[in-house]
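Every heavy atom of this structure was used, including side-chain atoms; hydrogens, water molecules and symmetry mates were not. Given the structure is predicted, the values throughout are model-derived calculations rather than measurements.
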2 protein chains.
Amino acid sequence: MNIGQAAAETGVSAKMIRHYESIGLIAPASRSESGYRRYGETELRTLAFLSRARRLGFSVAQMRELLALWRDEARASADVKRLAMAHVAALDAKAREIAEMSGALRHLAERCGGDDRPFCPIIDRLASG
Amino acid sequence: MNIGQAAAETGVSAKMIRHYESIGLIAPASRSESGYRRYGETELRTLAFLSRARRLGFSVAQMRELLALWRDEARASADVKRLAMAHVAALDAKAREIAEMSGALRHLAERCGGDDRPFCPIIDRLASG
DNA sequence: TATGAGGGTTCCCATCATGGGAAGGTCAAG
DNA sequence: CTTGACCTTCCCATGATGGGAACCCTCATA
């Protein structure tokens with residue numbers, strides 16, 4: 001199977017597959033006589049794994065760890081759980097930070113008339129607060 | 001006042017001040033005879049404005065709009081409010097997305113023993129779900 | 001068989017906000 | 001006059017992703 005079909009079946013773009021290969025996240029694909037990358041069942045499974053991990057917000061560095069744990073049949077589930085929970089904590093912190101920004105801004109906007117007059121606490125606060 | 005002190009007083013790094021100047025977000029600073037950038041009250045106020053907007057998560061493009069509204073004494077507060085609320089909506093969407101990722105991952109992790117055995121639903125789910 | 005569409009390949013550039021660092025000029029204090 | 005802290009410009013890097021050029025390969029169809 002060529003890279004285009006592998007991309008279609010796994011949800012990882014051809015661009016990203018080449019990228020993942022170039023940074024060593026996945027092993028270099030074997031090549032056809034004409035130089036095309038070839039993908040089989042094993043590679044597809046790896047790409048699908050990465051696609052799902054990415055959708056859960058894992059970074060490339062974390063996906064590298066996950067891949068190692070995935071391939072290690074003797075891994076302790078504790079290792080996986082630790083990695084996952086660390087990621088959960090980071091995601092929660094990010095979400096909280098964004099929610100705080102949103103809340104502060106909404107608070108200001110609620111005090112803004114939203115009419116034709118120029119006074120607005122948002123600008124006011126940014127200008128001198 | 002030189003760029004270093006302006007940076008210290010406004011919370012915008014010297015690097016970023018130069019950057020904001022280079023992309024036209026702020027006007028080029030006047031220069032001393034030896035070529036040093038000079039900052040006065042007006043410039044400091046603008047930088048502090050930007051520093052606060054940035055802390056609220058506004059993008060450079062949005063800060064450009066905010067700056068225009070700030071400088072326009074005849075602005076309608078409706079314009080400011082619209083911009084702010086659009087940003088609030090974007091922030092909320094982002095926070096929700098991250099919370100969803102976190103929730104899905106936490107759900108998986110809760111079903112993982114976290115012990116020495118290899119089975120873990122996190123890996124399982126990533127591998128075949 | 002020629003040709004065109006639609007793959008594939010590598011390589012470079014862009015995003016966004018930010019920082020690191022080098023090479024060299026300037027200033028103030030000892 | 002030296003030293004150290006500051007300034008200048010310029011280039012490079014991040015992380016994940018995409019755009020696009022220039023070129024090669026393959027297959028179906030006129």
Over how many whole Å does the gap from [X] atom [atom1] to [N] atom [atom2] extend?
X       : N      : atom1 : atom2 : value
B:Gln62 : C:dC16 : CD    : P     : 12 Å
B:Arg38 : C:dT26 : CZ    : C1'   : 13 Å
A:Tyr39 : C:dG7  : OH    : P     : 16 Å
A:Lys94 : D:dG15 : NZ    : P     : 14 Å
A:Glu21 : C:dC11 : CD    : P     : 12 Å

Any side-chain N or O of [X] below 4.0 angstrom from OP1/OP2 of [N]?
X       : N      : value
A:Arg37 : C:dT10 : yes
A:Ser13 : D:dG18 : yes
B:Arg31 : D:dT9  : yes
B:Arg18 : D:dC7  : no
A:Tyr36 : D:dC24 : no

Closest heavy-atom pair and its distance - B:Val12, B:Tyr20: CG1-CE1, 3.9 Å
Can you tell which of [options] lies closest to the side chain of [X]?
X       : options                : result
A:Ser34 : C:dG19, D:dC7, D:dC25  : D:dC25
B:Ser59 : C:dG8, C:dT18, C:dA17  : C:dA17
A:His19 : C:dA17, D:dT17, C:dG19 : D:dT17

Salt bridge check: are A:Glu43 and A:Arg38 linked by an N-O gap of less than 4.0 Å? no
Assess, by modelled atom type and distance only, whether the side chains of B:Arg18 and B:Ser22 contain a donor and an acceptor separated by less than 3.5 Å. no
Judged by each residue's nearest nucleotide on DNA chain D, which is more toward the 5′ side, B:Gly4 or B:Lys15? B:Gly4
Closest-nucleotide mapping onto DNA chain D: is A:Ser32 or A:Phe58 further toward the 5' terminus? I mean the 5' end. A:Phe58
Just verifying a value: how many Å separate B:His87 NE2 and B:Asp92 CG, rounded to the nearest 0.5 Å? 10.0 Å
Answer with base, sugar-phosphate or nothing: what part of the nucleic acid does A:Tyr20 contact at a heavy-atom distance below 4.0 Å? sugar-phosphate
Chi angles and distances behind the salt bridge (charged side-chain N to carboxylate O under 4.0 Å, His left out) call for B:Asp115, A:Lys81: CA-CA 9 Å; B:Asp115 50 29; A:Lys81 186 165 187 168; over 6 Å; no
Upstream residue (5' side of DNA chain C) when B:Glu33 and B:Val60 are each assigned their closest nucleotide: B:Val60
